[in-house]
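Data first, discussion second: the structure below is written as structure tokens.
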Amino acid sequence: MISKTYSPQEIEEKWYDFWIENRFFSSTPHPDKEPYTIVIPPPNVTGVLHMGHMLNNTIQDILVRKARMEGKEACWVPGTDHASIATEAKVVAMLKERGIQKRDLSRDEFLDYCWEWTHKYGGIILQQLRKLGASCDWDRTRFTMEPDLYDSVIDVFIDLYTKGDIYRGHRMVNWDPQARTTVSDEEVNMKEVNQKLVYLRYDLEDNSGSVTIATTRPETIMADVAICVNPTDERYQHLIGKKALIPLIGRAIPIIADEYVEIEFGTGCLKVTPAHDTNDYELGKKHNLPIIDLLAEDGTLNEKAQILVGEDRFVARKKIIKLLTEAGNLVKVEEYRSNVGHSERTDAVIEPRLSEQWFLKMQRLSEPALEHVMNDTIQLIPPKFKNTYRHWMENVRDWNISRQLWWGHRIPAYYLSDGTCIVAKSKREALRKAQHELQLFALTEEDLRQDEDVLDTWFSSWLWPISVFNGIKDPENKDINYYYPTNDLVTAPEILFFWVARMIIAGYEYKGTYPFKNVYLTGIVRDKQGRKMSKSLGNSPDPIELIEKYGADGVRTGMLFSSPAGNDLPFDEKLVEQGRNFCNKVWNAFRLTQGWEVVETTTPNEASLRAIAWFESRINQTLTEVLDLFTKFRISDALNAVYKLIWDDFCAQYLEMVKPEYGSPIDAATYQSTLQFFDTLMRLTHPFMPFITEEIWQNMGQRAEKETICLAPYPQPGAIDHAILADFDILFELVSAIRNLRNTKGISPKTALPLAIRTDSETRYQTLEALIRKLANVSELTFVQEQPEGMSFLVRSDEFFINLSGEIDVDAERETLRKELEYTEGFLLSVSKKLSNERFVQNAKGDVVEKERQKQADAEAKIVTIKEALARLG
RNA sequence: GGGCUCUUAGCUCAGCUGGUUCAGAGCACCUGCCUUACAAGCAGGGGGUCGGGGGUUCGAAUCCCUCAGGGCCCA
């Protein structure tokens with residue numbers, strides 16, 4: 001006997017192993033088949049599965065499974081990226097536990113630990129994806145640090161450098177003093193914090209007075225190189241050209257004028273500190289001011305500060321206020337709220353810092369990437385992201401691609417002792433270049449020093465759709481030619497610029513075409529309070545535990561129930577519960593059919609014949625709808641349509657129609673049709689719920705040894721008989737009305753009732769008679785012209801009577817009819833008003849007017865029926 | 001401060017290029033049921049002036065303006 005509830009645990013592993021053993025998900029180029037390709041957004045190699053991954057990968061799996069069933073050569077490439085900062089942070093923490101400091105290790109030693117970490121934890125997230133049912137081609141698993149992908153990154157760097165797109169320069173960058181590396185603008189989170197705005201008096205060098213400036217960063221005054229006022233500010237005209245003395249250290253700096261200074265802010269006098277503020281840096285360049293950098297890379301003050309050397313910037317800030325107070329330079333302190341950048345990785349306050357970095361020029365590269373999104377060659381879903389994308393691309397800044405880290409692709413630049421820089425694939429290559437191009441024949445490899453920095457992780461993942469097929473190193477290989485451009489990319493909107501835009505750029509630069517046709521941007525999974533789910537907040541359920549509790553299919557559908565593209569998904573375990581319940585529903589429908597005794601000798605009864613004809617059309621109608629929703633990437637809506645088809649139409653209606661009497665067998669023809677429908681439904685549902693559909697599909701008939709629903713054809717819609725669908729809508733209304741009557745009168749569903757119908761279309765009800773009897777438990781069905789004894793009610797314009805001995809509440813019935821009449825008359829009035837409005841008849845489209853006329857006629861007929869019924873009640 | 005976006009039932013959302021008295025779905029809720037597939041279920045039911053105001057139109061949840069509030073991105 002089959003279990004009463006569906007038990008996913010026993011089934012999921014069995015089928016996943018079966019799929020893998022038979023390599024159903026592995027793909028090779030088949031020139032005669034249409035390819036369908038997705039590359040996974042590579043998760044951090046150090047990561048574990050979170051709710052965002054679940055949503056994201058469920059959607060990818062649905063798309064790829066459907067394509068596979070549609071006969072396409074489906075290829076979903078999995079993999080991970082090396083995540084420089086995140087991985088280093090974890091490795092550093094691991095070393096700390098073992099009592100080892102990163103700075104005590106050589107680069108190679110440290111990298112050994114990184115690999116150790118990667119090998120230990122690197123596979124976890126991919127293993128977890130299997131639990132979800134992900135149908136990736138695991139043989140193609142890639143990692144951004146594996147040799148071919150590593151080489152691709154280096155080759156691209158050299159290529160872009162040779163083209164003149166990569167340059168080295170001093171720039172103000174975002175410095176994370178805790179991680180001791182640069183981070184990109186995108187990795188800086190602005191947070192509003194309370195600060196102190198400190199007013200400081202600088203005495204003039206000529207003793208003619210003083211000037212007061214306001215600053216939030218008093219610890220940087222030792223790096224001041226000027227004081228700037230607005231040239232139109234009358235208060236300070238007399239000061240321009242004079243010199244002021246920096247408090248505590250007494251260095252003289254000029255007072256200059258520039259429109260940049262806001263007269264209203266603070267005192268209208270700005271201290272200019274080019275090394276420690278981006279705007280000041282620009283101002284300094286404009287006025288040819290020197291640069292004094294008083295911060296070390298760990299955020300402490302260096303010897304250039306002269307005082308407080310070695311103190312952390314925040315400690316120094318407190319201490320210097322005390323010193324300034326003692327020296328009598330402190331005028332006042334105000335509370336001030338402003339935005340301060342924090343590192344996404346370490347949450348340290350970002351320091352604008354001047355340093356030598358590598359940059360990629362974005363202007364030329366971004367042009368095709370902007371154009372082809374705007375003209376929909378690449379489609380963003382939902383399209384509202386086009387605006388955001390354009391805004392970013394039109395204001396794109398050069399990309400700082402160097403990171404002061406060790407774990408990553410080391411920049412292939414080699415320096416001679418005089419600082420000359422040679423970009424080459426290897427030290428040997430660099431040496432050869434130096435010897436030939438610079439005529440330095442005496443040079444040895446010992447004289448070359450490789451750049452210490454690695455490339456930004458995104459500088460490897462932007463090649464992902466190409467490099468996973470080795471399309472950089474071997475541009476004409478079979479795989480890249482077949483699978484590229486890929487079809488769909490599914491990812492989170494937060495990395496639209498980090499990653500998506502840059503992949504598009506790389507696609508056009510290296511393949512001359514788009515990397516993917518559609519970008520589906522999922523929502524962000526949030527908790528009930530609207531907060532983003534994150535590990536640090538601890539507000540996220542463990543996805544694996546969820547799967548164990550509800551089953552992978554339940555979790556997949558649960559996540560999808562309320563997640564239209566681009567909209568956030570407020571997660572609620574109730575959704576997953578609903579998903580599990582759905583599985584159970586399907587399971588029990590299967591149980592029902594398995595319990596039937598089938599006899600070959602009898603033929604289908606009238607109810608079954610009608611039911612089969614109806615469901616045939618109904619299934620085709622839904623199929624058409626689902627396929628259309630898929631083309632619009634409305635996956636959640638597609639699931640909902642499938643859900644309703646199975647639960648409402650198949651289980652609640654169809655199965656009840658064909659279900660034999662208790663203890664009676666079912667005829668073979670009806671049984672076969674039902675199984676056929678079930679088969680179609682399972683194939684339709686398989687992309688959403690791969691495990692349970694495979695289990696049922698395998699058990700509902702004889703299957704060949706290596707047959708799988710994964711490769712069974714996806715259902716295609718056939719003809720829809722709209723007349724029968726319309727008839728059944730009336731049937732359902734009628735059955736509902738009778739059940740409602742039973743409910744309000746307290747009549748058991750087991751009590752059969754006689755039904756009389758007064759109608760102009762008897763044939764319609766004649767064809768439905770068997771079903772009316774069965775679904776509403778009607779004992780006899782007659783057609784009448786006059787009112788018989790009993791209760792009456794309306795469905796559309798037809799009147800129905802049920803003889804309930806002695807239980808008629810005439811007043812209540814009259815009241816119901818009166819309400820119905822009132823409503824219908826109101827309806828008729830509004831329709832008639834519309835039709836008597838000449839401008840409506842003139843302006844509205846013909847079919848709209850025609851519809852209104854139909855409504856008018858229907859309403860009039862209905863009013864007549866109601867009035868007659870009322871008249872009979874007296 | 002600039003740009004984008006959103007506001008519809010108690011909750012989460014759907015309602016495309018205006019056209020049924022148009023206001024919908026799921027969950028939640030209420031009533032009655034252990035009916036021989038399923039209580040993770042069955043049958044039935046209530047619930048909203050579509051954020052406020054103004055405008056365009058024969059007709060507005062849908063288009064325009066404005067106000068209020070939320071979110072995201074950028075400075």
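Per chain, numbering begins at 1; letters A, B, ... match sequence-line order.
- For the OP1/OP2 pair of U21(B) and a distance below 4.0 Å, the side-chain nitrogens and oxygens of S830(A) include at least one atom meeting the criterion.
- Applying a 4.0 Å cut-off to non-hydrogen atoms, the residues of residues 658-667 of chain A that approach RNA chain B are K659(A), Y662(A), listed by residue number.
- Atoms CG (L655(A)) and C1' (C38(B)) sit 11 Å apart, rounded to a whole Å.
- Distance I646(A) CD1 to C38(B) P: 19 Å, rounded to the nearest Å.
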Assign a letter to each nucleotide of nucleotides 3-12 of chain B from its 5' end: B, base within under 4.0 Å of a protein heavy atom; S, sugar-phosphate only; -, no contact. -SS------S
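- With sequence neighbours excluded, the residues satisfying ring-ring contact (aromatic ring centres under 6.0 Å, His included) with W399(A) are F459(A), W462(A).
- Annotation: ring-ring contact (aromatic ring centres under 6.0 Å, His included) contacts of W647(A) (sequence neighbours excluded): Y643(A).
- Here R853(A) lies out of heavy-atom contact (under 4.0 Å) with every strand.
- The ring-ring contact (aromatic ring centres under 6.0 Å, His included) test applied to F793(A) returns F800(A), not counting sequence neighbours.
- Taking 3.5 Å as the limit, the base of A37(B) and the side chain of E656(A) contain a donor-acceptor pair of atoms between them.
- Looking at RNA chain B, the stems built from 3 or more consecutive Watson-Crick or G-U wobble pairs, each pair with its key distances under 3.5 Å, are B:1-7 with B:68-74, B:10-13 with B:24-27, B:29-33 with B:41-45, B:51-55 with B:63-67.
- The gap from the P atom of G10(B) to that of U49(B) amounts to 9 Å, rounded to the nearest Å.
- A salt bridge (Lys or Arg N to Asp or Glu O under 4.0 Å) check over residues 854-864 of chain A, counting only residues at least two apart or in different chains, returns the pairs E820(A)-K862(A), E852(A)-K855(A).
- Of all heavy-atom pairs between T674(A) and Y654(A), the closest is OG1-OH, 2.9 Å.
- No side-chain donor-acceptor contact under 3.5 Å links R796(A) to the backbone of E733(A).
- K774(A) places a side-chain N or O within 3.5 Å of a backbone atom of K659(A) that can act as its donor or acceptor partner.
- Look at CG on D572(A): it is 12 Å from P on C13(B), rounded to the nearest Å.
- Below 30°, between 30° and 60°, or above 60°: for F678(A) and F590(A) the angle between ring planes is above 60°, a perpendicular geometry.
- Taking the P atom of each, G46(B) and C22(B) are spaced 15 Å apart, rounded to whole Å.
- Taking the C1' atoms as reference points, U66(B) lies 47 Å from U31(B), given to the whole Å.
- Going from atom CZ of R634(A) over to atom P of A14(B) covers 8 Å, rounded to whole Å.
- The same atom, P, is picked in A28(B) and in C42(B); the two are 12 Å apart, to the nearest Å.
- Residue N740(A) places at least one side-chain N or O under 4.0 Å from the OP1 or OP2 atom of G45(B).
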Using the rule given for side-chain hydrogen bond (donor to acceptor under 3.5 Å, both in side chains), can you reason through Y671(A) versus T593(A), listing the C-alpha separation, both sets of side-chain angles and the distance that settles it, and then say yes or no? CA-CA 8 Å; Y671(A) 182 69; T593(A) 63; 5.5 Å; no
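- The residue among N743(A) and N581(A) whose nearest nucleotide of RNA chain B is located toward the 5' end is N581(A).
- Among L775(A), L768(A), N740(A), the single residue meeting the side-chain contact (heavy atoms from CB on, under 4.5 Å) criterion with V735(A) is L775(A).
- Taking atom C1' in both U7(B) and C13(B), one finds a spacing of 12 Å when rounded to whole Å.
- Spacing between U56(B) and U62(B) at atom C1', rounded to whole Å, works out to 14 Å.
- When heavy atoms are screened at a 4.0 angstrom cut-off, C583(A) is found touching no nucleic acid atom at all.
- Using a 4.0 Å heavy-atom distance criterion, R580(A) is classed as a base contact.
- When each of T744(A) and E825(A) is assigned the nucleotide of RNA chain B bearing its nearest heavy atom, the one mapping closer to the 5' terminus is E825(A).
- Closest approach to the K585(A) side chain among A43(B), A39(B), G41(B) is made by G41(B) (side chain taken as heavy atoms from C-beta onward).
- Minimum interatomic distance between L55(A) and G523(A) (heavy atoms only, all atoms of both residues): CD2-O, 4.0 Å.
- Listed pair S736(A) / G44(B) meets the phosphate criterion, a side-chain N or O lying under 4.0 Å from OP1 or OP2.
- Taking the six-membered ring wherever Trp is involved, the centroid distance between the rings of F677(A) and F650(A) does not fall below 6.0 Å.
- Residue R591(A) places no side-chain N or O under 4.0 Å from the OP1 or OP2 atom of U36(B).
- Distance F590(A) CZ to C38(B) P: 15 Å, rounded to the nearest Å.
- Between L592(A) atom CG and C38(B) atom P there is a gap of 9 Å when expressed in whole angstrom units.
- The CZ atom of R390(A) sits 14 Å away from the C1' atom of G2(B) (whole-angstrom rounding).
- In this structure, K574(A) does not pair ionically with E577(A), as no charged nitrogen and carboxylate oxygen lie closer than 4.0 Å.
- At distances below 3.5 Å, not a single donor-acceptor pair connects side-chain atoms of R353(A) with backbone N or O atoms of M172(A).
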Please list each protein N or O that sits under 3.5 Å from an N or O in nucleotides 26-29 of chain B, with the distance.
| unit_1 | atom_1 | unit_2 | atom_2 | d |
| --- | --- | --- | --- | --- |
| G26(B) | O2' | Q578(A) | OE1 | 3.2 |
| G26(B) | O2' | Q578(A) | NE2 | 3.1 |

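- Each of V519(A), V500(A), I504(A) was evaluated against Y389(A); a single residue qualifies, I504(A), per the side-chain contact (heavy atoms from CB on, under 4.5 Å) test.
- For the P atoms, the distance linking C72(B) with U21(B) amounts to 40 Å, nearest Å.
- Every residue meeting the ring-ring contact (aromatic ring centres under 6.0 Å, His included) condition with F630(A), not counting sequence neighbours, appears here in chain and number order: F688(A).
- Neither OP1 nor OP2 of G41(B) sits under 4.0 Å from any side-chain N or O of K4(A).
- Look at the P atom in both G15(B) and U5(B): the space between them is 16 Å, to the nearest Å.
- Among residue pairs with one or both ends in residues 640-651 of chain A, those qualifying as salt bridge (Lys or Arg N to Asp or Glu O under 4.0 Å) are R618(A)-D649(A); sequence neighbours excluded.
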For nucleotides 56-60 of chain B, give me every protein contact, N/O to N/O, under 3.5 Å, one pair per line with atom names.
| unit_1 | atom_1 | unit_2 | atom_2 | d |
| --- | --- | --- | --- | --- |
| C58(B) | OP1 | R839(A) | NH1 | 3.3 |
| C58(B) | OP2 | R839(A) | NH1 | 3.4 |
| C58(B) | O2' | N837(A) | ND2 | 2.8 |

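- Look at CD1 on I495(A): it is 16 Å from C1' on C73(B), rounded to the nearest Å.
- Phosphate contact (OP1/OP2 of C42(B), side-chain N/O of W647(A), threshold under 4.0 Å): present.
- Evaluation of the side chain to side chain donor-acceptor pair (under 3.5 Å) rule for E548(A) yields no partner, not counting sequence neighbours.
- At distances below 3.5 Å, not a single donor-acceptor pair connects side-chain atoms of D628(A) with backbone N or O atoms of T624(A).
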